[in-house]
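Here's the structure, in structure tokens; my notes come after.
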Amino acid sequence: MSWTNELYQLYDQFAGKEDSVSNAYLLPIAHSTQNAQIEISIDGEGNFQSARKIPKEDASTVIPVTEDSATRSSGITPHPFADKLVYLAGDYAMYADGGKKDVTKYFDAYLRQLSAWEASSNTHPSMTALKKYVEKRHVLHDLIAAHIMESDENGALNPKAKIEQISQLDCFVRFRIVSPEVQEERTWKDATLQECFISYYTSCLQNRELCYALGEILPITTKHPSKIRKADDKGKLISANDESGFSYLGRFEKKEEALSISYEFSQKMHNALKWLIARQGIYCDSMVLVAWENHLEKLPRLIADANSMWEDEIPDIDEDEVETASLPEDTIIAAYRKKLQTSLFGNKLEIQPDSRTMIMALDAATTGRDSISMYEEMVTSDFFENLEKWHMETAWIRLKRQKQKNKINSFSLYEIAQGAYGTESGGIDKKLQKSVYLRLIPCVISHRNLPMDIVRALFNRACNPLAYEKTYNWYAVLETACGMIRKKEIEQKGACSMGLDYTCTQRDYLYGRLLAIADVAESETYDKTEARTTNVRRYFNAFANRPYSTWRTIELKLDPYLSKLSLGRRKRYEILMQEVYDMFDREDFMDNSKLQPIFLHAYHCQVRELYKKKQMDTVESEEEV
């Protein structure tokens with residue numbers, strides 16, 4: 001099923017229902033939203049009561065719109081009820097011209113349209129009150145008297161005065177009707193007024209053609225809604241207003257032949273998409289990512305790590321277990337898998353037989369056009385299985401740093417993008433970040449192969465620790481690189497442990513182990529209060545590019561530090577290095593070519609193993625005491 005039909009069905013399923021997740025509002029058809037700056041209260045006879053400036057947080061207002069007014073950019077196309085002052089105020093010309101030649105035409109068009117609705121069988125008490133009020137032609141007079149608008153000594157409106165950063169000449173006005181005949185004073189929340197306008201406006205639509213989406217003869221539209229991604233979004237997903245270019249000419253004679261969609265279908269589909277984005281959209285610069293299940297069951301956040309997929313985070317592995325140095329790695333991984341499966345397949349979602357999940361990314365192609373950067377649709381059970389695979393295959397046991405606990409976790413897409421292409425301070429080019437997201441999301445939801453260039457970028461960053469002022473920032477990149485390297489190894493070989501492989505004789509892996517032993521041995525001689533950089537980290541990048549020649553330099557510089565250790569500790573490191581030496585093939589050891597990413601995997605695993613043994617030694621000595 002296409003995304004348009006999914007959205008259309010979603011609208012029919014949830015229209016009129018309260019949303020317990022957010023304050024997002026599923027718009028009725030023939031309605032849109034507008035930020036209002038002024039609110040006028042009148043009684044049922046059209047008499048002015050009061051007015052107020054609307055704070056920004058309360059500005060969003062649901063208004064009736066026509067096809068023309070919803071897409072207006074120029075010309076005279078009034079909204080049916082609430083609108084800007086130039087349309088509402090019959091006395092606008094007395095106080096300002098707004099830079100327009102004949103402002104009376106705006107009011108005349110508004111009043112003519114309002115009168116036509118009020119005279120129909122679908123009128124409403126609020127309509128009658130509003131018509132009586134605007135016919136008096138003193139809207140601006142009332143606002144100036146109420147000290148809402150600023151005027152000069154000549155009585156003219158000050159064009160420089162602003163209300164919520166909007167020039168007072170361009171302010172949008174909504175109405176509150178205080179009358180016993182009206183159930184809801186706030187006209188922008190009055191469902192009966194909305195129903196009256198929908199009935200009136202749909203009865204006025206005459207252009208009936210075949211709707212390609214529904215297969216029925218219905219009133220069609222060629223003007224589709226904007227404001228899809230956000231309130232100030234001018235882009236449209238469907239548009240064919242370029243009659244002089246080749247948007248459809250050359251294949252079709254008329255734009256209706258290219259795409260014919262009924263007004264009702266277009267409204268429901270677009271309004272459902274707006275609602276979903278406002279409800280659960282994830283923004284990255286101009287791009288918005290939205291995922292939904294067809295029954296609107298709660299879904300995990302796609303770009304988050306395993307422990308942050310839900311708003312109520314899954315419980316971490318028991319801290320006492322994780323902190324126990326002797327705990328086997330398989331036990332930690334098994335505990336992580338159990339927590340992950342509980343999170344994904346527990347009480348979070350009741351998967352129904354017809355459950356489907358849709359993932360869509362929208363971005364601005366141009367100022368007036370939105371594009372669908374990505375769309376995926378799949379059975380929800382497959383979606384969750386692929387999500388589990390991603391978080392299992394990219395998981396990594398992280399070392400302690402700062403206030404973080406030593407635990408196993410996967411990585412968010414931001415961590416991956418930031419580690420590969422960002423700066424230490426947290427900055428990253430937004431276009432590049434969007435590109436990384438769009439390339440990684442299919443890996444998350446469809447189990448596609450991880451792009452090798454992203455893994456290589458992380459590897460290169462992790463091989464340059466001197467580029468980071470703070471060690472824990474480098475470790476964050478190093479661990480992210482290790483998680484992605486593990487994912488790549490699983491894709492290529494079918495398996496990859498998070499622990500140290502004592503049987504691996506691969507050249508790159510063994511060199512990684514040697515480097516880790518030298519690093520830990522030297523750092524053990526430092527005072528805990530010292531913020532020093534080891535020789536290993538100084539030569540890290542050179543070692544990754546020329547391991548054989550660089551190792552000799554590191555080895556010579558390591559000797560003075562080994563002599564500072566106790567005899568037992570020194571022997572332990574020397575024996576460990578000799579064990580690694582013995583596993584090398586002589587030709588492989590003398591090979592000076594660049595190391596592969598698996599070298600980082602071995603380095604981090606060996607460092608973790610050595611620190612684990614140090615913790616065990618500390619515990620044993622304390623027990624002896």
Side-chain angles (χ1 to χ4, degrees), residues 7-8 10-19 22-36 39-42 44 54 58-72 77-84 87-88 110 113-131 133-134 172-205 219 221 223-228 231 262-276 278-279:
L7 292 169
Y8 179 78
L10 186 75
Y11 186 96
D12 285 340
Q13 186 178 357
F14 292 97
K17 296 182 180 179
E18 291 187 6
D19 183 9
S22 69
N23 294 323
Y25 181 66
L26 183 54
L27 287 170
I29 65 172
H31 284 74
S32 185
T33 55
Q34 182 72 42
N35 287 335
E39 181 183 303
I40 295 178
S41 298
I42 58 176
I54 304 173
D58 187 35
S60 183
T61 304
V62 178
I63 61 169
V65 294
T66 64
E67 284 184 277
D68 293 330
S69 71
T71 58
R72 74 185 184 190
T77 50
H79 292 310
F81 195 86
D83 212 325
K84 290 186 174 183
Y87 286 100
L88 296 171
Y110 172 79
Q113 184 172 259
L114 187 69
S115 300
W117 179 13
E118 197 269 339
S120 71
S121 60
N122 298 295
T123 189
H124 189 275
S126 294
M127 282 290 307
T128 305
L130 178 60
K131 182 172 178 290
Y133 175 63
V134 296
F172 196 95
V173 180
R174 69 188 187 193
F175 292 93
R176 184 185 290 265
I177 311 297
V178 184
S179 171
E181 298 179 2
V182 178
Q183 295 179 357
E184 173 57 76
E185 295 181 357
R186 300 167 297 177
T187 56
W188 60 96
K189 292 182 178 289
D190 191 343
T192 59
L193 178 62
Q194 293 170 357
E195 291 170 2
C196 285
F197 178 73
I198 293 171
S199 299
Y200 164 71
Y201 188 64
T202 52
S203 67
C204 296
L205 299 173
T221 182
K223 297 179 179 179
H224 302 275
S226 57
K227 302 180 182 178
I228 298 170
S262 66
Y263 177 77
E264 178 187 0
F265 184 89
S266 174
Q267 287 285 305
K268 288 183 177 181
M269 180 265 292
H270 282 94
N271 287 348
L273 183 56
K274 291 180 187 179
W275 179 59
L276 285 171
R279 186 179 187 268

Exercise. To the nearest 0.5 angstrom, please state how far the NE2 atom of H124 sits from the OG1 atom of T187.
Key: 9.5 Å
Self-check item: Smallest separation among heavy atoms of A272 and L7, with atom names
Solution: CB-O, 3.4 Å
Exercise. Determine the minimum heavy-atom distance between I29 and I198, stating which atoms define it.
Key: O-CG1, 3.4 Å
Quiz item: Is a side-chain donor or acceptor of Y110 paired with a backbone partner of F81 at a separation under 3.5 angstrom?
Solution: yes
Exercise. Indicate yes or no: at least one non-hydrogen side-chain atom of F172 is less than 4.5 angstrom from one of H79.
Key: yes
Quiz prompt | Side-chain (Q267) to main-chain (A30) donor-acceptor, under 3.5 angstrom | solution = yes
Self-check item: Y201 and F197 aromatic ring geometry - parallel, tilted or perpendicular at 30°/60° bounds
Solution: parallel
Exercise. Say whether, by atom type as modelled, one donor and one acceptor occur between the side chain of T77 and the main chain of S69 under 3.5 angstrom.
Key: no
Quiz item: Under a 4.5 Å cut-off applied to non-hydrogen side-chain atoms, are M127 and L193 in contact?
Solution: yes
Quiz prompt | Heavy-atom closest pair, residues A116 and Y200 | solution = CB-OH, 3.6 Å
Quiz item: Which distance, rounded to the nearest 0.5 Å, do you find between the CG of N271 and the CG of L276?
Solution: 11.0 Å
Quiz item: Between CD of E264 and OG1 of T221, what distance do you get to the nearest 0.5 Å?
Solution: 12.5 Å
Exercise. Would you check if V178 and I42 make a side-chain contact, meaning some heavy-atom pair closer than 4.5 Å?
Key: no
Practice problem: Using modelled atom types only, decide if a donor and an acceptor are shared between the side chain of S266 and the backbone of H224 within a distance under 3.5 Å. | Solution: no
Quiz item: Do side-chain atoms of K274 reach the backbone of Y25 as a donor and acceptor pair under 3.5 angstrom?
Solution: no
Quiz item: Is there a donor-acceptor pair closer than 3.5 Å between any side-chain N or O of W188 and the backbone N or O of R176?
Solution: no
Quiz item: Got a donor-acceptor contact below 3.5 angstrom from the E118 side chain to the K131 backbone?
Solution: no
Quiz item: Do V65 and Q34 have side chains that get closer than 4.5 Å, going by heavy atoms?
Solution: no
Quiz item: Does CD in Q183 sit with more than 12 non-hydrogen atoms of other residues, nucleotides or ligands closer than 6.0 Å?
Solution: no
Quiz prompt | Closest contact, heavy atoms only, S126 versus V182 | solution = OG-CG2, 3.6 Å
Exercise. Evaluate the side-chain proximity of E181 to T128: yes if any heavy-atom separation is below 4.5 Å, no if none is.
Key: no
Practice problem: Report yes if the side chains of R174 and I63 come closer than 4.5 Å at any heavy-atom pair, otherwise no. | Solution: no
Practice problem: Any chance you could measure K223, atom NZ, to T71, atom OG1, to the nearest 0.5 Å? | Solution: 5.0 Å
Quiz item: Within the distance-only criterion (no hydrogens, no angle test), does the side chain of S199 pair as donor or acceptor with the backbone N or O of E195 below 3.5 angstrom?
Solution: yes
Quiz prompt | Inter-residue atom distance L26.CG - H31.NE2, 0.5 Å rounding | solution = 12.5 Å
Self-check item: Heavy-atom check, side chain of P80 versus side chain of L114, under 4.5 Å
Solution: no
Practice problem: Drop me the distance from T61's OG1 to R186's CZ, to the nearest 0.5 angstrom. | Solution: 11.5 Å
